[in-house]
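Note that ligands are numbered from 1 as they come in the structure, with each ligand's atoms numbered from 1 the same way. Keep in mind that what you see is a predicted model, and the values were worked out from it rather than measured.
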Amino acid sequence: MGDLAHAVIAGDPVALARAISLAEEGTPRGERILADVYPSTGRASLIGVTGPPGAGKSSLVNHLLALYRSRGRALGVVAIDPSSAFSGGAILGDRIRMQQHALDESVFIRSMATRGQFGGLSRATRDAVDLMDAAGRDPILIETVGVGQDEVDVVRLADTVLVVLTPGQGDDIQAIKAGLLEIADLFVINKSDHSGADRLASDLEGMLALGERRLWTPPILMTVATEGKGIEDLTLAIDRHARFLREGNRLRARRRAAVSARFTEILRDRLMARLGSRESGGSGYEAYEERLLDRQIDPYSAAREVLDRIGSRPTPGGGAAAGPVLDHLGVAVRRIEDRLDLYRDVLGLDLQAVEEVAGEGVRAALLPAGRARIELLEPTGGATPIARFLERRGEGIHHVCFEVDDLDAALERFRNAGLSTTAGEGSARLEKSAGAEGSRIAFIHPRSTGGVLIELREAGRGKR
Ligand SMILES: Nc1nc2c(ncn2[C@@H]2O[C@H](COP(=O)(O)OP(=O)(O)OP(=O)(O)O)[C@@H](O)[C@H]2O)c(=O)[nH]1
Ligand SMILES: [Mg+2]
């Protein structure tokens with residue numbers, strides 16, 4: 001695990017902010033941090049707060065922050081609206097006598113800009129929530145304006161959704177955006193100091209009574225956020241909903257829907273990106289649009305063509321038809337750190353990890369490059385193959401590794417071609433030994449290959 005992920009899990013707010021930025025930029029490094037922290041997530045309660053613009057969502061969140069802080073909790077807030085003003089829960093600060101200096105540490109607030117591109121918003125939000133969750137923030141509040149579909153989709157992924165309404169909005173619940181009322185676990189009628197709050201409440205009650213009977217009927221709460229009225233009752237209602245979710249398998253079922261939506265979205269985005277990229281053999285998405293418009297192909301056949309093409313491309317560890325795939329180039333170096341300048345800093349490859357391969361006598365720096373990777377190999381002892389290679393030939397490419405589906409079948413082919421696989425020096429290593437992370441590997445001696453040591457690694461095991 002990287003240092004930054006460690007620091008996030010340890011609760012360091014600076015590391016948390018940095019990790020969220022990396023994730024938001026969609027960098028490979030951000031993805032790795034998310035992968036590292038993922039096992040530490042799923043602990044925080046997620047509270048979504050949505051409603052029409054200006055309903056008082058941020059004011060309510062501020063009061064909720066103050067209340068949860070008074071219970072000694074470290075909180076997180078994701079606001080999908082850069083204009084939202086948060087005080088970090090300081091509104092009640094004087095009244096409940098919180099230590100003011102602890103303010104920044106105990107409330108972590110992150111604003112997300114609404115993105116134009118599809119999926120960008122909810123992806124960035126979920127990532128930020130995960131990082132806060134791993135950092136021990138609980139609960140995490142998510143504020144979105146309940147206008148666009150994106151915003152509604154984001155907030156429905158929370159465990160408990162508060163829909164904040166105000167009296168006098170077109171005087172009618174018909175005027176409220178479709179889909180907003182359906183996602184409410186709790187209704188909050190804020191600005192109940194204004195007239196019409198009772199009427200709105202009875203309209204909502206009427207609507208709920210008309211709907212089918214459900215296990216959880218969303219309670220309707222009245223608040224005046226500017227005065228902090230009704231906040232205590234609101235937190236009690238949130239707690240009640242949390243208890244309801246904990247009964248049976250309800251929380252798990254709800255979160256299953258959320259992970260499913262997230263997973264589908266990532267897959268869809270990746271597939272679309274691949275379609276639009278050169279990787280897809282020039283079969284760009286736009287080219288299909290043209291052909292569809294010109295009635296040269298129908299949408300079903302087009303979809304089948306595209307999927308066939310993606311499916312037939314060799315992928316690491318892909319299906320039986322995939323054939324061998326270049327897995328990595330092993331480069332012998334005296335000191336990994338001296339060569340990172342070139343591979344990481346100049347070439348711009350990502351340093352995924354540096355690991356000690358016990359039994360092989362090497363430290364290996366893993367730098368993914370496309371579907372394959374460069375492995376910088378530094379000897380850890382004098383009597384190791386890499387050390388001997390350095391002595392004889394100096395630094396340079398030490399071996400080329402291919403991933404094969406069936407190692408035994410591949411070795412059989414090499415032997416049948418009269419190539420030396422398990423014979424000669426270092427025969428022990430040529431046995432199917434357990435390589436890095438326990439995958440089965442074998443080596444073909446450079447004598448029989450024109451000077452290149454070939455490593456074969458069996459797919460499907462010890463995959464990175
Ligand atoms: N009278 C009254 N005003 C309120 C109440 N709650 C909030 N306001 C005011 O309503 C305005 C909007 O409040 P915000 O908390 O920013 O509302 P919001 O829903 O976060 O707004 P957006 O994020 O811009 O959609 C502010 O001027 C608040 O002072 C309330 O209960 N009564
Ligand atoms: Mg707001």
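When distances to the Mg ion (ligand 2) are checked against a cut-off of 2.8 Å, Ser59 contributes no N, O or S atom below that limit.
Remark: ligand 1 atoms within the under-4.0 Å shell around heavy atoms of Ser59 are 7 (C), 13 (O), 14 (P), 15 (O). Counting atoms of ligand 1 from 1 in the listed order, those under 4.0 Å from a heavy atom of Glu143 are 20 (O), 23 (O).
Of the N or O atoms in Val224, none lie within a sub-3.5 Å distance of an N or O in ligand 1. In terms of N/O distances under 3.5 Å, ligand 1 is approached by Gly56. At least one N or O atom of Ser58, backbone or side chain, sits closer than 3.5 Å to an N or O atom of ligand 1. Residue Pro53 has no nitrogen or oxygen atom sitting less than 3.5 Å from a nitrogen or oxygen atom of ligand 1, judged on distance alone.
Side chain of Trp216 to backbone of His241: no donor-acceptor contact under 3.5 angstrom is found. Side chain of Arg254 to backbone of Ala158: a donor-acceptor contact under 3.5 angstrom is found. One N or O on the side chain of Arg73 and one on the backbone of Asp138 form a donor-acceptor pair closer than 3.5 Å.
Which of Lys229, Lys57, His63, Glu227 comes nearest to atom 19 (O) of ligand 1 through a heavy atom is settled by distance: it is Lys57. Closest heavy-atom approach to atom 22 (P) of ligand 1 within the set Ala225, Pro52, Gly54: this belongs to Gly54.
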Note to self: Pair Asp127, Arg262 - check side chain to side chain contact (heavy atoms under 4.5 Å, CB included), show working.
What the structure shows: CA-CA 10 Å; Asp127 292 351; Arg262 186 181 191 190; 2.9 Å; yes
Check: Which is it for Val49 and Val155 under the side chain to side chain contact (heavy atoms under 4.5 Å, CB included) test, yes or no, and what are the steps along the way?
Finding: CA-CA 7 Å; Val49 182; Val155 83; 5.9 Å; no
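Between Pro167 and Lys191, the closest side-chain pair of non-hydrogen atoms falls below 4.5 Å. Between Val129 and Leu157, the closest side-chain pair of non-hydrogen atoms is not below 4.5 Å.
Within the 4.0 Å heavy-atom cutoff, His194 counts among the residues contacting ligand 1.
One side chain, Thr223 or Asn190, offers a donor N or O that lies under 3.5 Å from an acceptor on the other.
The OE2 atom of Glu143 and the OG atom of Ser58 meet at the Mg ion (ligand 2) at an angle of about 90°, given to 10°.
The part of Asp193 lying near ligand 1 is the side chain, judged by heavy-atom distances below 4.0 Å.
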